[in-house]
Amino acid sequence: MSHLTAWPVFLPLITGFLLILLRGKGIYYQRIVSLSAVAGLVALAVALIVVSLPGQYQVYLLGNWTAPFGIVLVADRASALMVSITAVLALAALWYAVASNTDEKGPHFHVLYQLQLFGLNGAFLTGDLFNLFVFFEVLLLASYGLLLHGGGRLRTRAGLHYVVINLIGSTLFLFAVGTLYGLLGTLNIADMAARIATAPGDSLGLIAAAGLLLLVVFGVKAAMFPLYLWMPGAYANTSAPVAALFAIMTKVGIYAIIRVHGTIFGSEAGELAYYYMPWVLGLGLVTLTFAALGVMAARNLREQIAYLVLASVATLLIGVGLNGSSALSATLYYLIHSTLIAGAMFLLADVILKGRGAFEDRFESAPQLPNAVVTGSVFMFGAIAITGMPPLSGFFGKVLILNAALHHEWVAWVFTILLAASLLTIITMARTGSSIFYRTLPPPPSPAAGEPLNRNAFMAVIGLFLVSPVLVICAQPVTAFTASAAEQLLDSTAYIEAVLSAPAVNNPSIEE
Amino acid sequence: MKKLFPHPVLTLALWGIWLLLNNTMAPGHLVLGFILAFSISLLTSGFWEEKVYIRAPLMLLRFLRIVLWDILIANITVAKLILGRNRKLKPGFFYVELDIRTPLGISLLANTISLTPGTVSCDLTEDRTRLLVHALHIEDIPATVKQIKERYETPLKEVFTEC
Amino acid sequence: MLEWILSALIVIGAFFTLVGSIGLYKLPDFFMRLHGPTKATTLGVGAILTASVLYFSFKTDDISLHEVLITVFLFITAPISAHLMAKAALHIKLKRVGRTREPADH
Amino acid sequence: MTLLSFNIPVVVLLPFVGAIAAAWVSRYSRLASAWAATIITLLAMAFLAPAAGLPFQGETLIQSWSWIPGIGLTFSFRLDGLALLFALLILAIGLLVIGYARYYLSPKDCMGRFFAYLLMFMGSMLGVVLSENLIQLVVFWELTSLTSFLLISYWRHRQDARLGARMALAITGAGGLALLAGVMLLGHVVGSYNLTDVLAAGDRVRASELYLPVLVLILIGVFTKSAQFPFHFWLPHAMAAPTPVSAYLHSATMVKAGIFLLARFFPVLSGTPEWSWIVSSAGLITLVIGAYIALFQHDLKGLLAYSTISHLGLITLLFGFGTQLAAVAAIFHIINHATFKASLFMVAGIIDHETGTRDMRRINGLFSYMPHTAVLAMIAAAAMAGVPLLNGFLSKEMFFQQTITASQVSGWAWAIPALVLIAAIFSVAYSLRFIHDVFFNGKPVDLPKTPHEPPRFMKIPVDLLVIICLAVGIIPMFTVAPVLHVAVAGTLQASPPEYSLAIWHGINLPLIMSILALAGGALVYTARKRLFAWHDASVARWDARIVFNAILGSLDRFAVGVTRVFDKGSLQNAAVWVIVTALTAGFIGWMGISAPLLGARELLPVDGVSLAVLAVMMAASLMTAVLHRRRLVSLLMLGVVGLVVSLVFVKFSAPDLALTQLSVEVVTVVLLLLALYFLPQSTPRERDKVRIGRDIAISVLAGAGVAVLTMGVLTRELTPISDYFLLNAVPGGGGTNVVNVILVDFRGTDTLGEIVVLALAGLGIYAMLRGMKLPAPDRDSQGRLWSSDNHPEIMRTHTRLLFPLMLMIAVYIFLRGHNLPGGGFIAGLIAAVALIVQYLANGIAWTSKRLRFDMHWVIGLGLLAATATGLVAMGLGYPFLTSTFTYLDWPVVGKFEVASAIAFDLGVFLVVVGATVLSLVELGKLSDSSHKAEQQKRRTEVR
Amino acid sequence: MLATALLIAFSLVTLALLLSFIRLVKGPDIPDRILALDTLYINAIALLILAGLHFGSSLYFEAALLIAVMGFVGTVAFSKYLLRGDIME
Amino acid sequence: MEYMISLSIGILTATGVFLTLRARTFPVVLGLTLLAYAVNLFLFSMGRLTIGLPAIIDKTAKAAQYSDPLPQALVLTAIVIAFGMTAFLIVLALKARGELDSDHVDGLADNQQTPDQRDIGKNIDPDRGTVQ
Ligand code: NA
Ligand code: NA
């Protein structure tokens with residue numbers, strides 16, 4: 001019996017409580033344990049990808065109870081991909097946190113970090129809707145702690161908003177899950193999908209309502225218009241490694257829409273098949289518009305990057321909403337890109353902020369920061385990547401999505417908004433780069449001066465950014481993978497079949 | 001032995017509670033209950049600074065009987081008072097000078113006073129010598145005080161000692 | 001016979017519980033109202049619990065005594081509540097009906 | 001594999017690699033970068049050379065590799081005549097510019113950066129012209145925008161450079177995106193992004209309903225890049241770049257990329273009225289406006305910039321005519337413009353370099369200072385003006401001929417040659433101004449430097465270019481003809497039409513036009529003083545840049561407005577949006593499917609007790625809201641709700657829930673009271689009645705929605721999966737309390753997640769409270785000092801008595817949980833409450849001294865215990881959290897059950913205790929330290 | 001017989017519950033409300049035991065026991081809040 | 001009975017929403033607690049209402065004679081999670097009170113209507129419109 005599917009979930013959990021027990025041992029041990037665990041997670045993620053390549057679903061029956069009665073973990077190409085992105089991002093962000101000593105700014109950083117990963121990987125792998133709620137709560141509470149790590153005025157306020165909005169979101173989640181259980185009598189996603197096909201017609205209205213309610217919940221997580229208002233503040237005001245890790249948080253919402261809605265309200269859902277799609281697409285387009293304007297209106301670099309993340313989320317929503325294998329493949333490709341690049345950008349913003357001393361990351365003239373050429377070049381690179389300019393991966397992701405839109409009836413809207421938003425972000429990022437790197441003041445007196453470049457920490461930034469050219473150069477295998485993942489995601493029938501037929505290990509205590 | 005059984009009364013009481021909780025005298029629960037009672041009293045011994053012994057178990061039983069009886073009577077009396085015209089009631093505060101000195105004794109006395117309908121112990125002076133009591137309807141304060149001291153304080157003083 | 005006893009106990013208990021709340025409802029000041037619930041905790045709940053003990057002891061073969069514990073705990077906790085509430089009321093110098101006799105040296 | 005199978009991508013990519021090399025070697029020597037750039041360019045030429053002959057043999061070379069097959073993106077290159085011409089221009093002029101720049105740049109300028117940017121730009125341009133795949137073409141196209149941004153902003157300390165670069169990026173970037181859209185639609189129509197396929201599908205494209213969008217989008221790309229009206233204004237502002245950059249970008253490369261695209265798509269898109277109208281209108285307007293404005297520029301480079309705009313308009317106009325001969329003229333003029341304009345820019349740079357200014361009002365009479373340069377400039381300017389025996393004359397003649405041809409197309413078309421003539425007159429005038437105003441016209445005014453001839457090597461590139469101007473002008477058949485021929489063939493994707501490159505075609509209309517232009521130009525120039533005055537007073541104020549800035553500015557204000565109105569940093573705003581969206585979503589979802597609201601399931605009767613109890617709950621709930629400004633009262637009301645909720649659980653057969661709810665309720669109240677101490681005791685009255693009204697409306701709708709939803713579900717039948725749990729709880733889970741078996745076994749992972757949440761809450765609270773200081777009030781809201789009796793004796797004694805009893809109950813509830821209501825959660829909460837009561841009664845110091853557990857440790861152990869049961873199962877070859885149980889029969893004790901789920905539940909118990917106590921005690925400690933701080937303060941105040 | 005008695009008892013206790021709640025709403029002072037909440041808890045115990053008798057089930061016992069053991073904690077906390085503001089110090 | 005429960009849940013939701021939309025942290029916490037009660041009751045009732053049939057296996061009863069245990073287990077989880085969240089939020093409210101000198105959810109002072117000026121920078125382009 002292979003436990004590979006379970007390990008990405010439980011390794012961070014085990015590391016988490018080991019770190020609690022290691023509390024007295026000092027930061028050095030904590031770092032070693034934490035970093036090794038995340039490195040291990042990367043290895044596990046790679047293994048998971050390799051295992052998922054042939055296209056089999058890895059169904060893991062937790063507690064050895066068959067679906068739909070017990071909780072199952074399901075690894076397929078898409079979930080393996082999400083776990084991998086998380087692991088890579090987490091490694092870089094953790095490296096940065098350690099190298100920049102951010103982890104020392106408050107207690108329990110590493111514990112919160114590991115448990116955050118527990119929640120994330122759980123959310124990506126679970127095949128049970130209520131269990132998804134639980135993992136959401138885990139990752140949220142961990143994220144509350146991480147968000148507030150280090151403290152401070154704006155951070156606390158942003159944290160308060162983040163927590164309250166997410167608590168409302170959690171309440172909505174329970175209303176939605178409750179309704180679905182109350183009408184379908186099950187919690188397993190595959191089983192729900194199977195039951196919805198045979199549900200009595202008069203309950204479809206309520207099921208549809210619950211489905212859209214669930215979309216709102218995931219929309220809050222994904223930062224979909226008009227539910228994203230928690231997001232810019234939260235991302236802009238937390239510490240850099242946390243903001244970087246949070247780049248994956250919005251994608252949890254996207255993934256949940258793909259997985260949960262795509263399965264329950266997928267091709268098998270009869271009258272309700274893909275009924276939610278126009279909302280995803282429409283709201284994605286609106287989100288993108290607001291995000292682009294937000295990028296323009298941002299008051300400092302971190303806020304701007306937060307809005308750029310919002311724009312990338314909106315692009316993903318558009319990709320999801322276009323519905324179809326090429327659109328989904330494009331979405332997954334863009335998801336890899338946007339998550340890792342957004343993470344890198346938050347880290348880079350921190351490098352810039354520290355380098356500018358008292359001027360922080362505000363858009364005003366400041367003395368030239370130390371190592372301006374290196375930082376500036378990397379910034380330019382990042383700006384190109386995140387605004388979707390060639391030759392980096394953002395461009396190709398966007399082209400993939402546009403290409404998928406060609407067959408959609410809303411093609412004009414998609415093209416117009418996607419390209420107009422690109423233009424706004426390009427213009428704005430040029431202004432940003434110009435005001436941070438070009439328009440400099442004479443060197444300041446030493447106390448106001450920024451810190452020199454932390455080369456160790458900077459490695460994390462570079463490492464993440466390097467993903468972008470790799471995604472371009474290896475576009476062929478990567479898109480081949482995302483395409484196969486998309487095919488698998490769209491095949492609800494195979495998913496239902498695989499989950500519901502997964503056999504238990506023969507257990508002597510269960511008498512059949 | 002004293003280390004193992006810091007509070008034998010407590011251990012016994014806990015054992016009894018366990019059996020009561022489980023509504024049983026089954027051997028398994030006798031054993032388990034004893035183990036639990038023993039461990040919990042050991043675990044919480046730090047919370048009991050003073051040692052408590054029941055010097056006169058029979059006296060305790062008599063005291064309990066008195067109190068329960070008083071509660072029954074007082075309930076009926078007070079029920080009448082409540083259901084009757086409340087304007088006739090003569091509420092009042094009075095102090096009970098304490099002879100009993102141990103915290104546990106004082107507390108149990110206060111407890112008894114409160115449990116008996118019609119009187120509630122409201123406050124203990126900071127020097128722990130007087131207990132402020134409120135009565136719902138009181139005609140003769142000294143008589144009531146005397147009754148409290150005789151019926152409750154004296155037996156309590158005799159039952160519980162500390163060393 | 002048992003049914004009669006049970007019925008009587010139940011109704012008595014419920015009655016005293018009600019009396020407690022009536023006291024709470026109609027007595028004129030806080031300190032007097034404080035006497036109401038003591039009925040409920042002692043005889044009110046006590047009588048119903050006795051009914052329960054009898055009922056379950058006769059319904060099943062075993063003696064059911066665990067209800068006693070409820071009374072035991074109520075006897076410990078109710079006075080604490082009353083004491084602290086009274087103390088709080090005294091502290092904030094809550095008004096009492098004018099005819100209340102004040103303690104000797106206050 | 002021969003060189004011919006991969007050399008084109010090498011040509012394109014080499015400059016990018018070279019850019020890194022050029023930047024890197026600059027750390028060793030200033031000039032090394034220039035040498036590196038030169039070598040790279042030569043190498044690129046060398047790689048191009050073996051293939052250069054193929055177009056002359058009528059072949060098109062395609063080199064292709066797979067890239068993203070899903071969207072038809074290949075990594076592929078194409079060398080035909082058109083591509084070859086442009087590649088040669090880019091490389092050759094690039095080489096000259098590199099040589100020129102090596103002398104132009106001052107020691108303060110970083111050579112490495114400059115040449116790296118220049119090489120990257122060169123690579124991007126090569127990529128544009130050599131791409132076979134259209135998406136790939138767009139990639140390089142956008143790269144030219146990016147690299148030109150870097151080049152224009154090279155002197156980043158200068159504001160005009162920064163602004164010019166950003167404007168160029170904005171306009172050309174926008175065009176690039178439009179081009180992307182156009183190309184994608186084009187590919188969609190054709191079914192392929194490969195030029196070969198696209199070029200072969202011209203008829204299909206023109207017949208497609210997407211033709212107009214494709215055309216417009218691609219033309220936006222073209223017009224922005226080639227500075228066609230109304231996108232022309234970025235170009236003069238790009239003159240803030242170092243002059244070698246201008247020489248390169250605005251002669252042969254950047255701006256010609258748009259023209260290249262016109263030529264590239266000529267066989268596909270031209271030949272329709274839409275094409276003619278749009279392209280020739282833009283070209284004509286640009287031609288005239290550029291020529292006109294150029295005359296009035298006082299900045300030497302400004303004049304050249306507008307001249308460039310004008311000439312680009314000319315070429316565009318030619319393509320707009322849509323005839324093959326017009327295309328020939330266009331291609332020819334591309335070549336000629338590249339040569340004379342590059343040399344003119346270089347001359348401007350030399351003058352700037354030598355005099356320290358570019359203001360023609362100050363630069364006069366340079367002929368005496370730098371005669372060599374002056375002669376070169378004069379020849380090049382004459383070529384620009386279309387003076388015979390120079391290359392500009394030839395293509396201009398062809399141009400005039402085409403305008404005359406076009407004028408016969410329709411009634412209004414006579415205007416074309418007329419307007420063209422006006423433009424030609426101004427063209428001659430500004431050329432004259434360039435020569436006369438700079439090299440003659442009296443003495444220099446107040447120059448920063450005394451000018452003299454530049455270094456000899458700086459002039460060599462100009463020399464070469466001017467020689468080309470002359471050679472082409474005099475002996476076109478022996479110089480430019482073959483290249484022009486293949487370029488035209490590449491453009492048309494067919495054999496070129498008959499055309500003549502003779503210098504003399506006899507006296508014809510074009511010649512007359514040329515003469516008129518020369519004469520008119522001379523006349524205008526002599527009248528320039530009055531014209532300048534008129535222009536400055538009227539037209540000069542009209543600058544498209546103002547419009548651009550106004551658009552950008554209002555966009556910016558709009559962005560700020562929208563963002564701040566929507567994202568105002570207000571939690572209430574955000575929360576309202578979420579709730580309203582949820583309501584809307586639910587409503588829309590339900591409305592989308594026509595189904596009755598209620599089902600037909602049989603309902604339970606209502607009884608009086610439930611009615612009363614629920615009424616109490618509803619009333620208490622309403623009171624909580626109504627009295628919310630009095631916080632303590634509101635909290636008390638909330639307590640009633642909590643109590644009644646647990647009664648509801650009892651009533652409807654959920655004893656476990658009731659027990660949990662009761663315990664949680666107690667802890668929550670303590671927690672909220674702990675916190676309330678540090679918060680205001682009442683909420684200020686809200687003044688915004690509208691908002692209250694809105695909130696009440698939203699609340700009522702939300703409540704109604706949820707009530708309706710509940711009724712909708714409860715009136716329908718349900719066949720849940722739960723029978724399985726009821727049937728398997730005892731045989732499979734070893735417990736009769738099915739809820740508990742679900743929690744610790746069937747759905748143990750939920751529970752595991754849940755205790756992680758609790759642990760996180762505890763740890764998070766601990767982390768938040770670390771180092772936190774809050775002022776503790778020394779009196780209550782009525783101004784009364786606090787009671788001095790902080791630990792009432794009677795309470796202390798009682799609670800100590802209670803402590804072991806409560807623990808006993810916790811153990812009892814824990815152990816029975818698998819079979820009867822209870823379990824780890826509830827037991828944990830009871831134990832936690834037992835501890836909390838000790839803290840309440842005896843204070844933190846006293847209790848902590850007697851309780852030496854580190855609650856972190858308890859939490860950690862709890863998680864360990866819960867996880868360990870799972871891991872043990874894994875070790876035995878079962879999935880995580882697989883449970884097992886067995887019955888033991890011991891003497892005396894009797895038969896009893898041992899279940900691994902108990903160990904799991906113990907973990908739950910420990911985490912609940914640890915997290916709850918940790919949270920509350922840390923919160924309690926907060927007040928402790930505050931109290932001390934407060935007392936300390938009072939003490940110091942007394943002193 | 002027993003059923004009638006239970007019906008009467010339920011009615012009486014429910015009435016008690018309502019009266020307690022009215023006091024809670026009316027106040028007038030915080031201690032009155034605390035007392036009313038405390039009484040509500042006691043009323044709930046009575047209801048629970050009656051329910052146990054009604055259904056002939058011992059499953060209601062723990063809930064009643066729990067209220068007896070922990071119901072006072074809220075009351076104590078509220079009172080201590082009035083006394084000291086800081087309930088845990 | 002179902003209608004009464006629905007009405008109760010509705011009122012809990014309405015009051016919870018109303019309090020959640022208040023401007024001060026403490027009422028917000030109370031509001032979210034009420035919402036938690038509402039949603040817990042909702043989730044619980046989704047297994048349908050049954051009286052006197054707790055899901056404690058009794059050898060004499062059949063499966064249909066028990067209440068649905070699954071929603072109960074879910075609600076138990078939800079209660080505990082909501083408790084953890086409430087605890088965290090109320091402490092965060094204290095932290096906000098400490099950091100922002102106000103218990104307003106946006107950190108506004110008592111008499112303040114708009115967000116704090118300290119937190120609003122200008123995003124005017126430093127380079128724009130100053131040069132020809
Ligand atoms: Na349990
Ligand atoms: Na299990």
Side-chain angles (χ1 to χ4, degrees), chain D residues 608-609 612-613 615-616 619-620 623 632-633 635-637 639-640 643 646-647 650-651 655 658-659 662-663 665-666 669-670 673-674 676-677 776-777 779-780 786-787 789-790 792 795 802 805-806 809 813 820-822 826 830 833 836-837 839-841 843-844 920-921 923-924 927-928 930-931, chain E residues 6-7 9-11 13-18 20-22 24-25 27 29-30 32-38 40-41 43-44 47-48 50-52 54-55 57-89:
Chain D
V609 180
V613 168
V616 165
M623 296 300 284
L632 197 62
V633 179
L635 186 55
L636 275 158
M637 291 296 171
V640 180
L643 174 65
S646 51
L647 290 180
V650 171
K651 164 89 188 176
L659 298 182
L662 277 169
S663 328
E665 181 62 31
V666 168
V669 164
V670 173
L673 277 173
L674 273 171
L676 189 54
Y677 174 53
R779 50 193 73 209
D780 66 15
W786 299 120
S787 159
D789 190 1
N790 52 358
M795 183 186 176
L802 216 47
L805 307 188
M806 289 176 86
I809 291 180
I813 291 285
L820 286 164
I826 306 163
I830 296 171
V833 170
I836 289 164
V837 170
Y839 284 105
L840 281 179
I844 287 181
L920 270 74
V921 171
L923 200 49
S927 54
D928 187 40
S930 313
H931 260 312
Chain E
L6 276 170
L7 190 67
F10 268 123
S11 311
V13 174
T14 306
L15 185 59
L17 191 89
L18 289 173
S20 306
F21 182 66
I22 292 173
L24 178 62
V25 174
D29 295 300
I30 302 280
D32 293 298
R33 298 181 200 266
I34 300 174
L35 178 61
L37 182 60
D38 194 59
L40 272 176
Y41 270 98
N43 296 339
L47 264 185
L48 286 169
L50 287 176
H54 177 73
F55 291 111
S57 162
S58 58
L59 292 174
Y60 298 84
F61 162 71
E62 278 75 23
L65 180 70
L66 232 58
I67 296 181
V69 175
M70 307 210 299
F72 82 108
V73 178
T75 311
V76 164
F78 276 113
S79 305
K80 187 125 190 254
Y81 182 81
L82 290 182
L83 280 169
R84 295 280 303 163
D86 191 358
I87 60 174
M88 203 188 270
E89 49 192 327

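Computed from a predicted model, the values in this text were never measured in an experiment. Lettering follows sequence order; numbering is per chain, from 1.
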Give, as side chain, backbone, both or neither, the part of D:I809 having an atom under 4.5 angstrom from any heavy atom of chain E. side chain
Closest-packed option against chain D by number of heavy-atom pairs under 4.5 Å, given E:L37, E:L83, E:V69: E:L83
Kindly say whether E:V25 contributes a backbone atom to a donor-acceptor pair with the side chain of E:R33 at under 3.5 angstrom? yes
Is it the side chain or the backbone of E:F21 that comes within 4.5 Å of chain D heavy atoms, both, or neither? side chain
Does any backbone or side-chain atom of D:S663 lie under 4.5 Å from a heavy atom of chain E? Answer side chain, backbone, both or neither. both
For E:L48, is it the side chain, the backbone, both or neither that has a heavy atom under 4.5 Å from a heavy atom of chain D? side chain
Is D:V640 close to chain E through its backbone or its side chain, or both, or neither, when contacts mean heavy atoms under 4.5 Å? both
Using non-hydrogen atoms only, which part of D:V837 is less than 4.5 Å away from chain E: side chain, backbone, both, or neither? side chain
Let me know if D:L647 has heavy atoms under 4.5 Å from chain E in its side chain, its backbone, both or neither. side chain
Contact part of D:A841 toward chain E, heavy-atom cut-off under 4.5 Å: side chain, backbone, both or neither? neither
Below 30° counts as parallel, above 60° as perpendicular, anything between as tilted: where do the rings of E:Y60 and E:F55 land? parallel
Taking every non-hydrogen pair under 4.5 Å, which of E:I22, E:I87, E:I67 racks up the most with chain D? E:I87
The interface call for D:V666 against chain E, heavy-atom contacts under 4.5 Å, is side chain
